[in-house]
Peer 1: 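My questions will all concern the structure given below.
Because the structure is a prediction, the values reported are computed rather than measured. Ligands are counted one by one from 1 in listed order, and the atoms in each one are counted from 1 as well. Numbering starts at 1 and runs along the sequence shown.
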Amino acid sequence: MSAPIVRTRAELRAMTAGWRRAGETIGVVPTMGALHDGHLSLVARAKSTADRVIVTIFVNPKQFNNPEDLKNYPRTEHEDARKLERFGVDAIYVPDGAQMYPEGFATNVSVTRMTDILCGAHRAGHFDGVATVVAKLFLQTSADFAFFGEKDFQQLQVVRRMARDLDIPVEVIGCPTIREIDGLAMSSRNLLLSDRARARAATLYEVMEDMGDALSAGALVADLLSDARRRLDAAGFGEIDYLELRRNDTLDLLERAEVPARLFAAVWMAGVRLIDNIDVTPA
Ligand code: PAF
């Protein structure tokens, strides 16, 4: 059954107030649409956790630092609503720019330190845009639980920090990355790859898995980088924004996996920026 599409804060508030009066819990899955199986796994998790589930779809202009990227971002609302039918979600919240950032909007939510690294170092203002819109979505939906993919691990940690620091009473739940059969992490941006680039893109995961095995066995990151760069180059990847090992919790840089860590990568393939990360458990 198709879920009601809610476009205004007032409609959303009326709905959530009714659920609250009935003592029901609310889960939110924030998205920018172009839903794939990765998003749908978050929806399934939300359904098994909360009494009521809201999926939000809003292509947030504040988190794009490149106007072309914002313009080209896939917008597939009708298709998204159809994909959500089988989950029985309670509402699809699709605000427009004026609902989210009304005339005179002047507030910025900025998480410091952990946003200066990885994607934050390459996309000025990106995480301020994410933290601002997600804070608003948490408050607008009054969610008890929120679901984010580990594919965007830095985003997950930034959102957790923001909710804790602002005392927003929501439990942020991280869910595992969902991959295509060849290992490529699912992402709405994969739609922008040509067939040829798509076929080559899975090399990123292969290289990361091999690095992860060597790191778990005690290797130094520095000793693995030149081979990884050579393999990515041979597969047709362009610039590497980063390929780094970092602590799971603080995201501090590591030379070897001596504590629970993740290997993070952002690499360009045919004009599309792909990001991925994998867990690296020290042996
Ligand atoms: O991960 C995304 O799709 C976006 O960054 C999010 C969390 C929906 C905020 O716009």
Side-chain angles (χ1 to χ4, degrees), residues 6 9 12 27-43 45-46 53-67 69-77 79-81 83-84 89 91-97 99-101 105 107-111 114-115 118-120 122-141 143 145-163 166 168 170-178 185-192 264 266 272-277:
V6 176
R9 282 167 293 163
L12 184 69
V28 65
V29 182
T31 82
M32 297 203 298
L35 301 184
H36 51 65
D37 286 352
H39 296 113
L40 300 181
S41 74
L42 304 180
V43 176
R45 180 74 187 276
V53 172
I54 304 169
V55 175
T56 73
I57 300 180
F58 179 63
V59 181
N60 174 32
K62 285 201 187 296
Q63 70 187 76
F64 286 81
N65 43 354
N66 175 344
D69 200 15
L70 173 61
K71 197 173 110 220
N72 294 336
Y73 201 86
R75 288 161 172 86
T76 55
E77 181 186 314
E79 186 60 1
D80 291 342
K83 286 183 184 162
L84 289 170
V89 303
I92 308 175
Y93 178 46
V94 193
D96 63 11
Q99 283 294 313
M100 201 49 91
Y101 302 119
F105 186 87
T107 298
N108 186 45
V109 179
S110 188
V111 175
M114 65 168 65
T115 55
L118 299 171
C119 285
H122 294 268
R123 302 182 66 189
H126 169 70
F127 284 116
D128 282 11
V130 170
T132 303
V133 82
V134 172
K136 285 176 67 76
L137 290 170
F138 284 173
L139 296 170
Q140 291 176 354
T141 58
F145 308 100
F147 302 83
F148 292 84
E150 288 183 345
K151 150 97 180 4
D152 297 303
F153 197 84
Q154 187 179 14
Q155 167 173 281
L156 170 64
Q157 298 299 54
V158 167
V159 165
R160 280 194 169 127
R161 184 78 264 160
M162 175 276 289
L166 297 182
I168 301 181
V170 61
E171 185 183 335
V172 177
I173 298 177
C175 305
T177 302
I178 305 295
M186 286 193 186
S187 163
S188 308
R189 284 173 199 276
N190 296 352
L191 292 175
L192 304 173
F264 292 89
V272 181
R273 187 171 184 272
L274 299 176
I275 65 168
D276 202 349
N277 69 86

Peer 1: Near V133, which atoms of ligand 1 are under 4.0 Å from a heavy atom of that residue?
Peer 2: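 Atoms satisfying the 4.0 Å criterion: 9 (C), 10 (O).
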Peer 1: Could you check R123 against R273 for side chain to side chain contact (heavy atoms under 4.5 Å, CB included), going step by step and ending with a plain yes or no?
Peer 2: CA-CA 11 Å; R123 302 182 66 189; R273 187 171 184 272; 3.8 Å; yes
Peer 1: Do the side chains of P95 and R9 get nearer than 4.5 Å, heavy atoms only?
Peer 2: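 The answer is no, as the side chains (C-beta and beyond) never meet within the 4.5 Å cut-off.
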Peer 1: Show which atoms of ligand 1 fall inside a sub-4.0 Å distance from at least one heavy-atom site of T31.
Peer 2: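 Counting from 1, the qualifying ligand atoms are 8 (C).
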Peer 1: As a quick check of understanding, evaluate side chain to side chain contact (heavy atoms under 4.5 Å, CB included) for L274 and N190, giving each step before the final call.
Peer 2: CA-CA 8 Å; L274 299 176; N190 296 352; 3.7 Å; yes
Peer 1: Using a strict 4.0 Å cut-off to heavy atoms of F148, name the atoms of ligand 1 that fall inside it.
Peer 2: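 This gives 7 (C) as the contact atoms.
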Peer 1: What atoms of ligand 1 come closer than 4.0 angstrom to any heavy atom of Q63?
Peer 2: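 Selected atoms, number and element: 4 (C), 5 (O), 9 (C), 10 (O).
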Peer 1: Looking at Q155, which atoms of ligand 1 are within less than 4.0 Å of one of its heavy atoms?
Peer 2: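 Those atoms are 1 (O), 2 (C), 4 (C), 5 (O), 7 (C).
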Peer 1: Please determine which of V158, L166, D128 meets the side chain to side chain contact (heavy atoms under 4.5 Å, CB included) test together with V109.
Peer 2: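 Single pass found, and it is L166.
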Peer 1: What atoms in ligand 1 come closer than 4.0 Å to a heavy atom of M32?
Peer 2: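 Listed by number with element, the hits are 3 (O), 4 (C), 8 (C), 10 (O).
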Peer 1: Below 4.5 Å, heavy atoms only, C-beta onward: do L12 and I54 meet side chain to side chain?
Peer 2: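 A side-chain contact under 4.5 Å exists here.
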